[in-house]
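In what follows, a single structure is set out as structure tokens and then discussed.
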Amino acid sequence: MGFVQVSEKEGDEPIELPAEEDGTLLLSTLQAQFPECSGLQYRIVETKAVRGVRSNEGRMYSPSEESGWGEHHYFCVFPKKNKRQSDDNSENSVAKTKRTEPLLRCFDLIVLGLSYKTTDQTLREFFETYGDVVKAEIKRDNTSGQSKGFGFVRFGSYDAQMRVLSKRHLIDGRWCEVKVPSSRGIGNQVPGKVFVGRCTEDIDAEDLREYFSQFGEVIEVVIPKPFRGFSFVTFLDPYIPQLLWGEDHIIKGVSVRVSSADKRVVPKKNQQIQSNNFNMHPGNNFRMHPANNFVMHPANNFNMNPFYPHGYQMNRAMN
DNA sequence: GTTGAGCGTT
């Protein structure tokens, strides 16, 4: 909880960035203010040594478990190869980093079939045997507080996430399955396209392109006119969108909401488009792109449970 | 206080 004091360079006036509930600072939060920033450092007052902040899976961890981020004044680290992103003539390390980082990032997993007595706490404790649990919550009825029998869990490491998805789990006497939420599925979505809700009018196409370029190459930005409070961003790689849903994204200090752009939400005919196809990339043909085969991607095979491929009644013998 | 396929954002 709380805020982290960060400036671009050591000695500059710091700004306060909000930390997450678990005390971590999201790289996306950091990059919303310092777009090219890849990490944080701070100086130890006593020894004058500079220390780096631990970072993993898009999250930055405070130096101390007890005192959190403390009163340190953090400053940004930038990649050495910090060329303009439009310099697309070489497959440099920047481009590779931007492609692989979101692929390995964890996301919420849904836990189905939970006992009505299972709590956030017992859910967390159960999954902690697999790795750091960033979030564990039971979904409850708003008025009665009664559990709905399912919940969400999020891990700190992709490895733990993979291991959990590969098996069934006996939690509080019930066999439960852990799946990728259908909200991340690939139903009617337009390949590579995301819906960006809660936009404000001062967020223009260039702001959106600049922000979302950290996750992959952006090939189109559409802001419906007249302004309707949302916009669309399309990536070259069609699997990028499902890695962004459910995240908080802060652009120009505004918390926007990224969700799927499906075919029901096609822009109206009689509207202007502020910007599109600003990046005429030769690889714009989705069919030609090797990443276009969704099924080939491991992230799309999570729900194929080898134990119960046909919906076996998991809790038949219980209770 | 009961139930048992699903899919949330406080």
Side-chain angles (χ1 to χ4, degrees), chain A residues 1-2 18-24 26 28-29 32 57-59 102 105-124 126-127 133-156 161 164-165 168-189 194-200 229-230 241-251 254-262 264-265 294 299-305 307-319:
Chain A
M1 265 189 271
E20 301 303 297
E21 282 184 9
D22 62 358
T24 62
L26 291 178
S28 54
T29 303
E57 318 278 16
R59 286 174 184 272
R105 212 170 50 185
C106 297
F107 44 81
D108 287 6
L109 305 175
I110 188 166
V111 187
L112 268 1
L114 286 169
S115 162
Y116 294 121
K117 69 180 185 187
T118 297
T119 64
D120 290 3
Q121 184 62 25
T122 54
L123 186 67
R124 172 180 290 270
F126 178 87
F127 284 112
V133 174
V134 173
K135 161 185 175 179
E137 75 168 346
I138 302 293
K139 284 300 162 190
R140 297 178 182 280
D141 183 86
N142 288 326
T143 50
S144 69
Q146 171 67 267
S147 167
K148 289 182 176 174
F150 70 93
F152 291 88
V153 62
R154 190 182 182 119
F155 289 91
Q161 171 166 318
V164 161
L165 282 163
R168 64 200 179 108
H169 304 274
L170 184 61
I171 308 172
D172 285 337
R174 290 197 41 103
W175 285 107
C176 303
E177 53 181 343
V178 178
K179 296 162 59 170
V180 173
S182 57
S183 56
R184 284 184 171 267
I186 48 167
N188 291 323
Q189 286 122 214
V194 294
F195 173 91
V196 185
R198 294 192 324 224
C199 284
T200 54
F230 61 84
Q242 61 189 301
L243 300 161
L244 300 179
W245 303 333
E247 303 286 333
D248 288 329
H249 296 274
I250 299 174
I251 305 175
V254 177
S255 174
V256 299
R257 170 153 235 85
V258 175
S259 51
S260 68
D262 57 35
R264 293 169 298 184
V265 201
F294 284 109
N300 295 318
N301 285 325
F302 280 140
N303 285 340
M304 299 175 88
N305 189 333
F307 293 87
Y308 297 99
H310 303 302
Y312 180 83
Q313 296 291 311
M314 297 179 95
N315 291 291
R316 209 165 37 174
M318 308 303 298
N319 294 4

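Every chain is numbered from 1 and lettered A, B, ... according to where its sequence line falls, protein lines coming before strand lines.
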Point-to-point distance, once rounded to the nearest 0.5 Å, from CD1 of I138(A) to OG1 of T122(A):
6.5 Å
Please lay out, stage by stage, how R59(A) and L26(A) fare under the test side-chain contact (heavy atoms from CB on, under 4.5 Å).
CA-CA 5 Å; R59(A) 286 174 184 272; L26(A) 291 178; 3.7 Å; yes
Expressed as a whole number of angstroms, how long is the span from I138(A):CD1 to dT9(B):P?
14 Å
Between F150(A) and S147(A), which has a closest nucleotide on DNA chain B that is more 5'?
S147(A)
Atom CG of D141(A) and atom P of dC7(B): how far apart are they, to the nearest Å?
17 Å
Of dG4(B), dC7(B), dG8(B), the nucleotide closest to the side chain of R174(A) is dG4(B)
Applying ring pair (Phe, Tyr, Trp, His ring centres under 6.0 Å), can you list everything that pairs with F126(A), at least two apart in sequence or on another chain?
H169(A)
Testing dT9(B), dG6(B), dT3(B) for proximity to the side chain of Q146(A), the answer is dT3(B)
How many whole angstroms separate atom CZ of R198(A) from atom P of dT9(B)?
13 Å
K148(A): partners by side-chain contact (heavy atoms from CB on, under 4.5 Å), with sequence neighbours left out:
K139(A), F150(A)
Length of the line joining L112(A):CG and dG4(B):C1', which is rounded to integer Å
10 Å
Given the options V133(A), V134(A), T119(A), V153(A), R124(A) meets side chain to side chain contact (heavy atoms under 4.5 Å, CB included) only with V133(A)
K148(A) atom NZ is separated from dC7(B) atom P, nearest whole Å, by 11 Å
What is the distance, rounded to the nearest whole Å, between atom CG of L109(A) and atom C1' of dG6(B)?
16 Å
Can you tell me which nucleotide in dC7(B), dG8(B), dG6(B) comes closest to the side chain of I110(A)?
dC7(B)
Without decimals, in angstroms, what is the distance between K179(A) NZ and dG8(B) C1'?
15 Å
Mark this stacking check for Y116(A) against dG4(B) as yes or no, applying ring centres under 5.5 Å and ring planes under 30°.
yes
Is S115(A) touching bases, backbone alone, or none of the nucleic acid, heavy atoms closer than 4.0 Å?
base
Using whole Å, report how far NZ of K117(A) lies from C1' of dG4(B).
15 Å
